[in-house]
Undergrad: 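Pasting a structure here, questions to come.
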Protein chains: 2
Amino acid sequence: MKKITIHDVACAAGVSAATVSRSLNLPDQVKPAVRAHVIATAERLGYLADGAARALASRRSGAVGAIVPTLDNPIFATCIAALQQRLDEHGRVLLIASSGYDPAREARDLRGLLERGVDGVMLVGADHAAAVWHLLASARVPVVVTWTTTGAPPGVPCIGFDNQAATRRLVSYLLDIGHRRIAMIAGPSPGNDRATARVAGVREGLARAGIDWPEEYRVERPYSVAAGRATLIEFMSMPRPPTAIICGNDHLAFGALAAAAGMGIRVPAELSLTGFDDLDFAAHATPALTTVHVPAAAMGRQAADCLVAAASARAGPASVELEAPVMLRDTTAPPPPIR
Amino acid sequence: MKKITIHDVACAAGVSAATVSRSLNLPDQVKPAVRAHVIATAERLGYLADGAARALASRRSGAVGAIVPTLDNPIFATCIAALQQRLDEHGRVLLIASSGYDPAREARDLRGLLERGVDGVMLVGADHAAAVWHLLASARVPVVVTWTTTGAPPGVPCIGFDNQAATRRLVSYLLDIGHRRIAMIAGPSPGNDRATARVAGVREGLARAGIDWPEEYRVERPYSVAAGRATLIEFMSMPRPPTAIICGNDHLAFGALAAAAGMGIRVPAELSLTGFDDLDFAAHATPALTTVHVPAAAMGRQAADCLVAAASARAGPASVELEAPVMLRDTTAPPPPIR
DNA sequence: TTCGATCATGAAAGCGCTTTCAAGCAGAGG
DNA sequence: CCTCTGCTTGAAAGCGCTTTCATGATCGAA
């Protein structure tokens, strides 16, 4: 039994291949009776279209690509899940790659996606290797940047939120409740504009209040629970330890929380801690984590809509700024009275 | 500026299209000097192969498909992350779909993947609609089943673990430390052989010890934190509440843990709780969750290897049984003395 | 009834690549 | 010096589908 082609269906239905193709793709260009017969025949024969041939002839694949830093962080998985689901509703399929925060690997992966003929690409953040923008431009493929609202080249839509404003608000809150010694465990900044913006937000919040931010209150660490754990110990071993620590993401915060428990430091009574992402488990940690809610699913959904629209040249792709509210929970409180 | 084809490269390099193709795909069939020149020319021109044309002519796409129940559960995201990374190392690309635990949607999504010409498919579990197996057979596409070791049609390799043995061991342990009233919050069983096997494991463990398992000690709930929360309250409001509760996955367990805290029930002193999956956060919950470790990343990696091998007809795809060890942590302890 | 306009359909030309197949060519052996 | 072998290369035939383009068929209006 060999493969069933559009020709076999055409013969069996007593029409031409062109009519079969039209029945399947442009249903209203063919008489209803004929169409029904063709579709029934195709079904009976178990016809499965050959996507490669279709893509070659029609110059579009119905596939969309996405490159995320990592799928191991549930925040990206959530975004991808929403993206995939929405693409599915549009009859599109999702090709996925992960860069491991490595710009070179990202460029290489993008090449792979482009060679597979994706009709659009979702990227995280606006900070990418020059090769990435070149490839995208010369392949003339629609692209959308997520997770940020700034920094993308002109003409590239952004669907994201304001990272800097988010941490600025976090700092304002901490200052309001009395903190003055605020430290930060930031994520790695190279190639990561989100991490950089989050640091800038803290600096800005402090500057507005006229508060000095000593160098040693800011460190850059990989996004891991282990790093959060180790770094909290470093901070709390200082002669003048901070009274609040802002973590670059929830993983770091969970690590810090665990380390505090291990050191016998009570959170939030003795130390305030914040995260960033609002993972499912942030609300279920003990104590529940104060963090910034990242609208991952919304970004995925809207990115899908944006790319599908761009692929059919329908809508002028517009940028969208989403809310990233601070979720006040149980890891923040006024600092202990000065002894 | 129009698209650069293999022909343009051929002209620029002063060779035929066939030689360009060979330089790129079968490097040792062409003289080194020529090959180097061709590759340099391709690079200079910014040549990007057209995957559709390549797939059409060579009858393979270099893409592998995967269908998981959901990407919102990090356990599947971890598996997909590993799968993707390994495929990337093989120069393959990953097409992903999620069924939302709906067999009909799974069949539809599979069709989409097959139409895109995937060279292999990874499935979770062995329980699928008949249409799924039909499609796979008639498309002659290699497939691998993960997350279980049993129940797949003959000839279909499984890369998974023994769900039933895992919960059986969990029960043995609970019995050993003195529990007799053991309840279970299972996942939805329709179309989910893993959930079913986990229930069977509990039943088997209890039966071996000659202990009765009353109907009301077993309920089926969606895999969510909220369901875990609500169900724990139900269980603990019974006249004779269980002393240990086995949850079908970690989400349910986290919910149960939170509800116990809310009710003022001390875990593990008054109640033992177990999960299944061993998510990253299981070890960081308070108290740290006793659970079954699911080798998600290993399954993803090995599934990738298996499918790549099958696509090149290299190795006879073999089934693999991986370990799923019980991770004893802080949510299990002997039951309180009988009052 | 007749004419032009509209609609449904078929024929055929590719889409850009891989892959036989055959030819060219250089070196080895007689 | 000639033939045979083995290695490179080019020519060309598709891969299965979409999509003009052209041709009948159909319909409403005159």
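Scope of the values below: all heavy atoms of this structure, side chains included, with no hydrogens, waters or symmetry mates. If you're wondering where the values come from, they're calculated on a predicted model, not measured in any experiment. Naming convention: chains lettered A, B, ... in sequence-line order (proteins, then strands); numbering from 1 in each chain.
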Undergrad: How many whole angstroms separate atom CG of B:Leu26 from atom P of C:dT18?
TA: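 B:Leu26 atom CG is separated from C:dT18 atom P by 9 Å.
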
Undergrad: May I ask you to decide whether A:Asp127 forms a salt bridge with A:Arg194, counting only side-chain N to carboxylate O separations under 4.0 Å?
TA: no

Undergrad: Please report the distance, rounded to the nearest Å, between NZ in B:Lys31 and P in D:dG10.
TA: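 Distance check: B:Lys31 NZ to D:dG10 P gives 11 Å.
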
Undergrad: Starting at CG of B:Asp28 and ending at P of D:dG6, how long is that distance when rounded to a whole Å?
TA: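 Value for this atom pair: 18 Å.
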
Undergrad: Return no unless some side-chain N or O of B:Arg60 is found under 4.0 Å from OP1 or OP2 of C:dT19.
TA: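 Indeed, a polar side-chain atom of B:Arg60 lies that close.
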
Undergrad: Assuming nearest nucleotide by heavy-atom distance, tell me which of B:Pro32 and B:Ala18 is located more 5' along DNA chain D.
TA: B:Pro32

Undergrad: What is the distance from atom CD1 of B:Ile159 to atom CD of B:Glu321, rounded to the nearest 0.5 Å?
TA: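 These two atoms lie 12.5 Å from each other.
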
Undergrad: Report the C-alpha distance between A:Ile67 and A:Leu113 in whole Å, list the side-chain angles of each, state the deciding distance to 0.1 Å, and finish with yes or no for side-chain contact (heavy atoms from CB on, under 4.5 Å).
TA: CA-CA 9 Å; A:Ile67 309 183; A:Leu113 296 183; 3.7 Å; yes

Undergrad: Of the candidate nucleotides C:dT19, D:dC15, C:dG14, which contains the atom at the shortest distance from the side chain of A:Ala57?
TA: C:dG14

Undergrad: What integer distance in Å separates B:Arg22:CZ from C:dT18:P?
TA: 11 Å

Undergrad: Tell me whether the OP1 or OP2 atom of C:dG10 has a side-chain N or O from A:Ser16 closer than 4.0 Å.
TA: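 A:Ser16 to C:dG10 OP1/OP2: side-chain N or O found under 4.0 Å.
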
Undergrad: Between A:Asp119 (side chain) and A:Ser61 (backbone), is there a donor-acceptor pair under 3.5 Å?
TA: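 Confirmed, A:Asp119 side chain pairs with A:Ser61 backbone.
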
Undergrad: Donor-acceptor pair, A:Ser319 side chain versus A:Cys158 backbone, under 3.5 Å?
TA: yes

Undergrad: Please confirm whether the shortest side-chain N or O distance from A:Arg35 to OP1 or OP2 of C:dT9 is below 4.0 Å.
TA: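 No.
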
Undergrad: Would you kindly give the CG-to-P distance between B:Leu56 and C:dT18, to the nearest whole Å?
TA: 11 Å

Undergrad: Using only modelled atom types and a 3.5 angstrom limit, is any donor from either the side chain of B:Arg59 or the base of D:dG16 paired with an acceptor on the other?
TA: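 In this structure, the two groups form no donor-acceptor pair.
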
Undergrad: In this structure, how many angstroms lie between the P atom of D:dG16 and the OH atom of A:Tyr47, rounded?
TA: 10 Å

Undergrad: Atom CD of A:Gln29 and atom P of D:dT19: how far apart are they, to the nearest Å?
TA: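 Spelled out: CD on A:Gln29 to P on D:dT19 is 10 Å.
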
Undergrad: B:Val15 side chain: which of C:dT9, D:dG10, D:dC17 is closest?
TA: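 Nearest to the side-chain atoms of B:Val15, counting from C-beta on, is D:dG10.
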
Undergrad: To the nearest angstrom, how far is B:Asn25 atom CG from C:dT18 atom C1'?
TA: 8 Å

Undergrad: Think A:Ser21 has a side-chain N or O under 4.0 angstrom from the OP1 or OP2 of D:dT18?
TA: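 Checking D:dT18 against A:Ser21, a side-chain N or O does come within under 4.0 Å of OP1 or OP2.
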
Undergrad: Considering just the side-chain nitrogens and oxygens of A:Thr19, establish if one lies under 4.0 Å of OP1 or OP2 belonging to C:dG10.
TA: yes

